[in-house]
Amino acid sequence: MADTASVFSLCGMCAVRCPIRVEAENGRVTWIEGNPHVPGIEGALCAKGSAGLAFEYDTERPQYPMIRDGARGAGQWRKASWDEALDYIAEKLSTVREKYGAKSIALADRSGIFTDLTKSFVKAIGSPNYFDHDDSCAKNVNMACQSLLGYPRAELGYDFSNTKYIVLLGRNIFESLQVKEVNTVLDGMEKGAKLVYVDIRATVTASKADKFLTIRPGTDYALLLALIHVVLKQRLYDVGFVSRYCTGLAELEQFVQPYTPEWAEAETGIPAFEITSLAHETGAAKPHVIFHGGWMLSRYIDSFYCSRALYILNALMGNIESNGGLIIAKGPKDAGAKGLNSLGKNMPDVADKIVDAEMTNKPLGTGHMVNLFKAIRTGEPYPIRAFFAYRFDPIAAFPDPEAQKKVFDNLDLLVAIDVNYSDTAWHADVILPEATYLERSNILITQKGPKPGFGMRRQAMQPRYDSKPAWEIFTLLAHRMGAGAYFPWKSIEDIWQYQLDGTGVKIEDFDAKGSVSLAKTPILMPRDDIKFPTASGKIELVSEKMAKAGFPSFVPYVSPKKPAEGSFRLTFGRTAVHAHAQSQNNLYLCEIIGENTVWVNDTEAAKLGIKDGDMVDVSSEEYTGSIRAKVTPFIHPEAVFMLHGFGNEVPLKTRSFKKGLRDNLLQKGLLETVDPVGGGVAYMEAMVTVKKAQGGKA
Ligand SMILES: Nc1nc2c(c(=O)[nH]1)N[C@H]1C(S)=C(S)[C@@H](COP(=O)(O)OP(=O)(O)OC[C@H]3O[C@@H](n4cnc5c(=O)[nH]c(N)nc54)[C@H](O)[C@@H]3O)O[C@H]1N2
Ligand SMILES: Nc1nc2c(c(=O)[nH]1)N[C@H]1C(S)=C(S)[C@@H](COP(=O)(O)OP(=O)(O)OC[C@H]3O[C@@H](n4cnc5c(=O)[nH]c(N)nc54)[C@H](O)[C@@H]3O)O[C@H]1N2
Ligand code: SF4
Ligand SMILES: [Mo]
């Protein structure tokens with residue numbers, strides 16, 4: 001008879017980590033579905049999550065530790081045992097530490113729910129240099145949100161299922177997706193919510209929206225200023241909420257005066273009457289309105305102020321801590337419960353300052369990956385000589401891989417801990433294969449939200465290859481670095497016990513549903529007593545923190561540069577069936593979309609003699625790549641668009657090798673081009689030309 005088992009866990013096919021239920025038979029995972037107990041999930045998975053089995057049983061992923069045996073990036077490796085690889089790393093780290101101090105060791109990861117482990121590891125070995133990927137993602141949005149409301153972006157959840165009106169600017173919610181979010185948006189729309197979508201091209205989200213507005217690339221800030229103008233002028237805002245909570249209304253009123261809908265029409269291409277009507281309709285639906293703060297929208301040089309304007313609209317409409325609006329995430333404390341114990345709780349604080357403590361963007365925080373690159377490159381303010389990329393692939397994720405490789409030339413040690421041959425792993429000195437999400441357990445997580453709780457990723461099968469879970473890798477390394485006392489755990493259960501100590505929750509409590517809820521009903525602060533962790537305790541339309549650091553709270557709109565004749569702004573984004581650059585080699589997913597194309601506006605294509613399906617050369621400064629053209633009327637003429645993540649250059653991933661084109665190869669020279677306030681990378685500032693490929697055929 002078959003030996004069957006079923007566990008609740010968390011998906012690992014992208015960084016969303018949806019709750020799942022996994023079945024195994026005779027030690028092999030045979031079935032994965034969304035966790036049926038979780039509202040909004042109820043069995044559902046996306047295509048990537050469903051392709052988890054193809055990932056698990058793939059042979060084209062790292063199977064044992066590997067040590068570089070040739071030049072960096074040359075693809076020559078020797079197989080190593082774990083002891084050998086970890087000893088090798090520890091020896092290099094010890095040399096670096098002796099010469100430059102522990103602070104010259106840095107680690108960056110994907111951030112999110114499991115970072116207590118990595119942050120604690122870095123702390124245990126005595127370095128302040130923990131970084132994450134957010135400069136490449138939502139940093140500008142995060143900073144904008146904090147400057148206004150005091151909370152980080154991720155602590156403002158969107159109550160889509162109870163909303164009356166959703167406005168999405170470049171938030172392609174049905175393709176760049178999170179399963180629960182998609183379902184709650186659909187739920188809200190079924191109950192009558194209206195969806196207005198603004199993008200430079202027609203996406204799946206555009207096709208599902210009640211209204212789709214095409215915008216000229218990089219001009220969203222103009223649209224938002226005009227919306228604020230109408231909302232204030234026509235008094236469409238929530239007067240009671242604004243007078244109770246907002247500082248700086250008079251300054252805002254004065255600032256937006258020149259930005260009329262007619263002015264914005266000329267900038268954005270969106271008719272003035274559409275802008276006025278959007279202001280009126282959202283005003284009528286307030287405070288059950290969602291202006292999504294944006295996400296990948298935060299890719300332009302002025303994205304900080306653009307996102308700030310989106311949050312300002314939410315504040316004006318009183319959409320904060322309102323059903324159907326933005327709800328502030330609650331933690332265990334808010335539910336009267338004790339939180340998980342941090343692994344780093346008993347470790348001494350690190351005296352050294354993070355390497356970018358004195359660099360740019362200090363008013364809104366440190367930890368900018370881009371500053372880490374600068375420090376590695378220059379050795380200033382002090383050298384960084386060893387770098388761990390854990391669950392993170394900067395060479396694929398930040399602009400200009402060649403520039404990054406030059407930066408990494410300054411390192412004595414580059415370690416990648418991954419489940420794939422990522423671009424960064426391929427360029428590393430050592431690859432440590434982590435056990436896959438189905439083969440390992442992780443540390444427990446805190447699930448913040450209106451109903452806070454704890455969650456668990458639980459092992460569903462033994463590792464197929466010679467890989468290890470992260471908690472074990474970092475424990476073994478800590479021991480080799482003389483920090484073993486801070487990592488005393490022998491098993492994941494030991495860690496769980498430690499995390500849960502004093503909470504009243506037991507490991508068995510996760511058996512029934514995979515998570516433990518700490519509140520029976522959603523926790524909302526009273527409408528007249530919402531707490532904002534800003535300097536003034538209010539919503540700071542005029543931010544004290546920014547003023548102190550010499551940054552204005554409002555900046556005049558600057559029209560984005562128009563691409564020269566024959567050139568285009570290079571935009572990019574996602575498809576529902578792939579995750580960044582990590583899934584293109586998946587056996588199932590590569591069958592659905594196996595390579596990317598470049599979208600070119602049909603009128604522009606006709607001028608260039610390019611037909612749908614032609615191979616074209618796309619060029620930026622010093623780099624030209626070939627890709628197939630998708631000629632379409634559904635993109636703004638100033639832009640071309642590519643899916644991110646294709647064009648893999650690692651030959652061991654045979655299904656995706658050299659299929660399509662890596663967008664970041666074309667983002668030449670942009671590695672350190674960031675929004676001056678938010679610090680996010682301004683990827684969308686790349687301009688390219690498109691020509692029919694030399695000898696290119698259909
Ligand atoms: N040009 C361009 N650049 C971009 C983007 C773009 O669209 N275009 N998108 C940006 C955005 S929004 C983001 S968030 C970043 C994302 O950039 P990253 O955070 O680097 O991307 P991910 O694909 O999430 O994962 C990084 C690595 O984690 C590995 N991984 C996956 N699962 C596991 C696991 O269980 N264990 C371990 N150890 N490793 C694992 C993957 O194989 C991958 O190599 O890229 C940004 N950069
Ligand atoms: N399937 C899938 N889902 C994912 C991910 C994934 O890799 N795969 N990644 C996750 C991550 S890390 C992130 S950050 C999110 C990203 O979620 P989104 O922010 O929704 O990201 P993108 O798909 O990059 O969509 C960006 C959209 O912005 C549009 N755009 C470009 N320029 C402009 C402009 O000037 N104005 C406007 N209004 N629109 C513009 C592009 O055409 C594109 O459709 O997705 C998450 N969900
Ligand atoms: S969105 Fe899809 S791939 Fe990502 S965690 Fe959820 S089910 Fe998995
Ligand atoms: Mo992201």
Side-chain angles (χ1 to χ4, degrees), residues 10-20 32-35 41 44-52 55 61-62 108-112 114 118 132-139 141 176-182 295-299 369 388-401 416-426 431-440 442 457 467-470 473 570-586 589 596 641-647 650 653 661-667 670 680-681 683-684 686:
L10 298 172
C11 180
M13 292 298 285
C14 85
V16 175
R17 292 128 171 166
C18 296
I20 51 175
I32 309 170
E33 64 178 11
N35 184 333
I41 294 280
L45 278 182
C46 79
K48 294 164 277 135
S50 307
F55 165 66
R61 56 178 172 89
D109 68 16
R110 179 49 205 255
S111 68
F114 295 117
T118 36
D132 67 35
H133 82 299
D134 207 31
D135 275 8
S136 74
C137 181
K139 190 73 123 213
V141 183
S176 307
L177 59 83
Q178 313 191 23
V179 172
K180 189 170 175 175
E181 187 173 74
V182 167
W295 206 345
M296 281 289 285
L297 178 64
S298 87
R299 290 295 169 279
M369 191 66 205
F388 284 86
Y390 168 64
R391 211 220 163 282
F392 182 37
D393 185 6
I395 295 184
F398 279 76
D400 203 342
I417 307 175
D418 209 297
V419 293
N420 284 303
Y421 296 113
S422 66
D423 289 9
T424 306
W426 202 244
I431 303 177
L432 298 178
E434 188 173 13
T436 69
Y437 72 101
L438 296 169
E439 300 168 344
R440 70 171 191 260
N442 281 63
R457 173 181 278 151
S467 57
K468 288 187 187 297
I473 298 174
L570 174 66
T571 68
F572 54 80
R574 302 153 216 306
T575 155
V577 304
H578 282 292
H580 301 288
Q582 63 167 288
S583 61
Q584 286 70 16
N585 202 51
N586 183 287
L589 301 175
N596 58 350
F641 172 88
M642 284 166 60
L643 286 177
H644 171 54
F646 289 83
V650 177
K653 294 193 284 188
L661 183 60
R662 275 262 188 284
D663 51 350
N664 70 341
L665 289 167
L666 292 158
Q667 291 157 350
L670 291 182
V681 178
Y683 297 80
M684 298 282 192

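These numbers come from a predicted model, not from an experiment. Heavy-atom basis, side chains included; hydrogens, waters and symmetry copies ignored. First listed ligand is number 1; within each ligand, the first listed atom is number 1.
The two atoms that bring V182 and L177 nearest to each other are CG2-CB, 3.7 Å, heavy atoms only. Nearest approach of F55 to N420, heavy atoms of both residues: CE1-OD1, 3.8 Å. Scanning both residues, F114 and R457, for their nearest heavy atoms gives CE1-NH1, 3.6 Å. Residues G52 and M13 approach most closely at CA-SD, 3.8 Å, considering heavy atoms. In terms of heavy-atom proximity, I473 sits nearest to I417 at CD1-CG2, 3.9 Å. Across all non-hydrogen atoms, the minimal contact from I41 to C18 is CD1-CB, 4.2 Å.
Residue contacts with ligand 1 leave out Y437, since none of its heavy atoms falls under 4.0 Å from the ligand. Within the structure, the closest approach of R440 to ligand 1 falls below 4.0 Å when heavy atoms are considered. Taking 4.0 Å as the cut-off, M13 does not count as a neighbour of ligand 1 on heavy-atom distance.
The only member of R662, H644, M642 that meets side-chain contact (heavy atoms from CB on, under 4.5 Å) when paired with N596 is M642. The residue from R440, E434, E439 that alone fulfils the side-chain contact (heavy atoms from CB on, under 4.5 Å) condition with S467 is E439.
Side chains of Y437 and I20 form a contact here, defined as non-hydrogen atoms less than 4.5 Å apart. Put simply, the side chain of Q667 does not reach to within 4.5 Å of the side chain of D400, judged on heavy atoms. S136 has its side chain within reach of Y683: a pair of non-hydrogen atoms, C-beta onward, lies under 4.5 Å apart. When side chains are defined from C-beta on, P401 counts as touching N664, because their heavy atoms get closer than 4.5 Å.
Of all protein heavy atoms, the one closest to atom 47 (N) of ligand 1 is A397 O, 2.6 Å. Atom 44 (O) of ligand 1 has its closest protein heavy atom at D418 OD2, 2.7 Å. When only non-hydrogen protein atoms are considered, atom 34 (C) of ligand 1 lies nearest to V419 CG1, 3.6 Å. Protein heavy atom at the shortest distance from atom 20 (O) of ligand 1 is D393 N, 2.8 Å. Ranking protein heavy atoms by distance to atom 24 (O) of ligand 1, first place goes to R110 NH1, 2.4 Å. Nearest to atom 25 (O) of ligand 1 among the protein's heavy atoms is R391 NH1, 3.1 Å. Nearest to atom 9 (N) of ligand 1 among the protein's heavy atoms is R574 NH2, 3.0 Å. At the top of the distance list for atom 22 (P) of ligand 1, counting protein heavy atoms only, stands Q582 NE2, 3.4 Å.
Contact annotation: for R299 versus ligand 1, heavy atoms closer than 4.0 Å belong to the side chain alone. Under 4.0 angstrom from ligand 1, the non-hydrogen atoms of Y683 all belong to its side chain. Here F392 has heavy atoms under 4.0 Å from ligand 1 in both its backbone and its side chain.
The contact set between ligand 1 and I417, taken as ligand atoms under 4.0 Å from a residue heavy atom, comprises 37 (C), 38 (N), 39 (N). Remark: ligand 1 atoms within the under-4.0 Å shell around heavy atoms of Y390 are 38 (N). Taking every non-hydrogen atom of H133 and a distance limit under 4.0 Å, the qualifying atoms of ligand 1 come out as 14 (S). Set against the non-hydrogen atoms of C137, the atoms of ligand 1 under 4.0 Å away are 12 (S), 14 (S).
Closer than 4.0 angstrom to ligand 3 by heavy atom are C11, M13, C14, V16, R17, C18, L45, C46, K48, G49, L177, V179, sorted by chain and number.
Considering only non-hydrogen atoms, atom 16 (C) of ligand 1 lies nearest to H580 out of E434, E439, H580.
Any N or O atom pair closer than 3.5 Å counts here, and D663 shares at least one such pair with ligand 1. At a 3.5 angstrom cut-off on N or O pairs, Q667 counts as close to ligand 1. Of the N or O atoms in A579, none lie within a sub-3.5 Å distance of an N or O in ligand 1. For ligand 1, the polar-atom distance check finds no N/O of G573 at less than 3.5 Å from any of the ligand's N/O atoms.
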Test T424 against D418 for side chain to side chain contact (heavy atoms under 4.5 Å, CB included), laying out the working first.
CA-CA 9 Å; T424 306; D418 209 297; over 6 Å; no

Is there a side chain to side chain contact (heavy atoms under 4.5 Å, CB included) between Q582 and K48 once you walk through the steps?
CA-CA 11 Å; Q582 63 167 288; K48 294 164 277 135; over 6 Å; no

H133 and H580: side chain to side chain contact (heavy atoms under 4.5 Å, CB included), yes or no, with the steps?
CA-CA 13 Å; H133 82 299; H580 301 288; over 6 Å; no

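Residues passing the side chain to side chain contact (heavy atoms under 4.5 Å, CB included) test with V577 are A47, T575, L589, I592, I593, sequence neighbours excluded.
A side-chain donor from one of D109 and T118 sits under 3.5 Å from a side-chain acceptor of the other.
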